[in-house]
Amino acid sequence: MVSELPWNSKTGTLKRELAEGMMDPASRRALEAALQIKENQGAHICAVTMGPVMAQEILHQAKALGADEGILLTDRRMAGADTFLTSLILSRFIQREYKSFDLVICGSQTSDSETAQVGPQLAEELGIPAIGYANHINVKENILEAQRHVDDFYEILSMDLPGLITIDLSAYKPRYLALEGVEKAFENPDIKIINAEKLGLDDSFNALKDSPTRIIDVFSPTTQNENRLLKGAVKKIVDQLFDEYGKVISSAMGKDIKTHEHDEV
Amino acid sequence: MDFNPCMKHQLIRKTVREFVESEIKPHVSLMDKESRFPWEIIEKMKPLNFFGLQVPRIYGGADLDTISYAITIEELSRVSAALGLCVTVHNSVGIYPILKFGTTEQKKRFVPAMASGESIGAFCLTEANAGSDAGGVETSAVETQDAFILNGTKIFVTNGGVCGTILVFAVSEGKDKKDQDKRNHANVFIVEKERSGFSVGEIEDLCGMRANPVSSLFFEDCKIPKTNLLGRMGQGMKIGLIALDTGRIGIAAQALGIAQAAFESSISYAKERQQFNKPLSKFQTIQNYLADMATKIDASRLLLYRAAASKDKGKTFSAEASMAKLYCSATAMEVTDLAVQIHGGYGYSKEYDVERYFRDAKVTQIYEGTSEVQKMVIARSILSKPS
């Protein structure tokens, strides 16, 4: 949640130094889904992130958890990218350096902006099918089956690979990292670093200026509602409650309550 | 000289913190209140390598360096000093002497079960008449044709109530009958809890560390095979001193963790508690307390990591470990004392964690060598150098 992060409400930016080294909770779940595929049927996991040089730490963490390699896309010219350019940059990496992939797994949404746009946009850039908010996946040869929870239903979808899925925040509870994993990850500490030039972004590329979307303001809403105390005889209060709040109660319960029939009960 | 932790050590800290904050913290207060050893938490710690921190991978451990080890104990103790104690004693004075002095056969026989956490380690030197003076040990080991027979009582054994593999100090009659100095006849034996003649006494009712089942251990005609002798006959004192040097790094880390926790509680309380219409943190007296705490904790941390780094580099680290242990434990005591003071009446109540930190801190100045013994070790090191 945005509110749980060290956010500077005056400038509307994330206090990155305080959020340093945190793997996004959604990414952690996406990695967990990948690790389970690897354990069940074998896979080569490549963990990719875009960010400042210090973001290497989360790639070490990914490797410590079981990813086979870590890739950092970093360049001053890529800083400040919105979701549109982030998706573009990620797709450039995959198209140039990782053509033979079967499945891209993303977290459904990052905890700093919660747009949930990067996954679907990346699928568009790559021209591959996508399923969002999966809470269970099953890979059978070139087909992926995914279950997701939509409103009050479960959907089971099937998708040809290569494809992209995003993992819902309620699924794939991440495992704890064993200390041996950390030690092993640093025995082979290579993290491949890729800059804008290697991704073929032209010299004039500047994510901060070129991003088509901009955040104008971030603020906490202040509530306008006040508590109300109903006083009087029980029957009178209950009637008043249903008269004034019947619709609100109905919609919260997801059920129609006939507000005038309770008199007879 | 770089005073910043490397990325690996940062990740070790975050890894331990993530686990202990979610899986241990919610239960610590009740564990202390009920004096209960939390087996269900131990089960969760086992696969994460807490019980084989520095054990080589061939024996099932994580093969961490000593700085990572210190950070692990510090972070664990920041939340539960009693579990920090269990883990550091198991790893340092329980396993390390077997790795350092054991035969390959002994390592294969004992270490994997300890590293996986199936068998918890204990180290018993202290007796009714032997504490700082290890020469006072009365537990005896009599050598027969095919075995050793142990007799004696050990007291205040950390992990005593839950241990599976125990290192026992016992004196034997030396070959040279004229040499009456027991320190030359001390030996270390590895005893499995299943040996007949071994039994566990009642759990001690202690001031702090209440979730750790500290107890007496009894050895009554406890027969153990000759292959359970660690090192050579008469080598016990050397093994003990080297084990304790390592153990002191762990206890220093534990003390630092307690101090850190008390410090963090104090900062948040000082910012939140209002008196005279302003938060405590606006009073210079409280600011001075917090500044003293921060400085001592920082100095403690530097001494601790230096001792750990010396061990990792294969240098002698005995005096460094003693300095770290002496200073970290004093810091734990001073910082928890100030933390209670800052919290006022609430700090004296079991409703607040600082009350537990205060009780837990004291023993770090007593076990694994008292503060007075640390000064003996440090002075010996200073005076042995050519001037």
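Just so you know, these numbers use all the heavy atoms, side chains as well, and skip hydrogens, waters and symmetry mates. Proteins come first, then strands; the chains are lettered A, B, ... in the order of their sequence lines, and each starts at number 1. The structure displayed is predicted, hence computed values, not measured ones.
Chain A forms the most heavy-atom pairs under 4.5 Å with one residue out of B/Thr72, B/Asp65, B/Asn49, B/Asp63, and that residue is B/Asn49. Ranked by heavy-atom pairs under 4.5 Å with chain A, the first of B/Leu64, B/Ile12, B/Val16, B/Leu48 is B/Leu48.
If you measure heavy-atom distances from A/Phe186 to chain B, the contacts under 4.5 Å come from the side chain alone.
Among all heavy-atom pairs drawn from A/Leu199 and A/Arg92, the shortest one is O-NH1, 3.2 Å. The two residues A/Gln117 and A/Ser87 make their nearest non-hydrogen contact at O-OG, 4.5 Å.
By the 4.5 Å heavy-atom criterion applied to side chains, B/Glu18 and B/Arg13 are not counted as neighbours.
Note: B/Phe19 and B/Phe50 meet the aromatic proximity criterion, with ring centroids under 6.0 Å apart.
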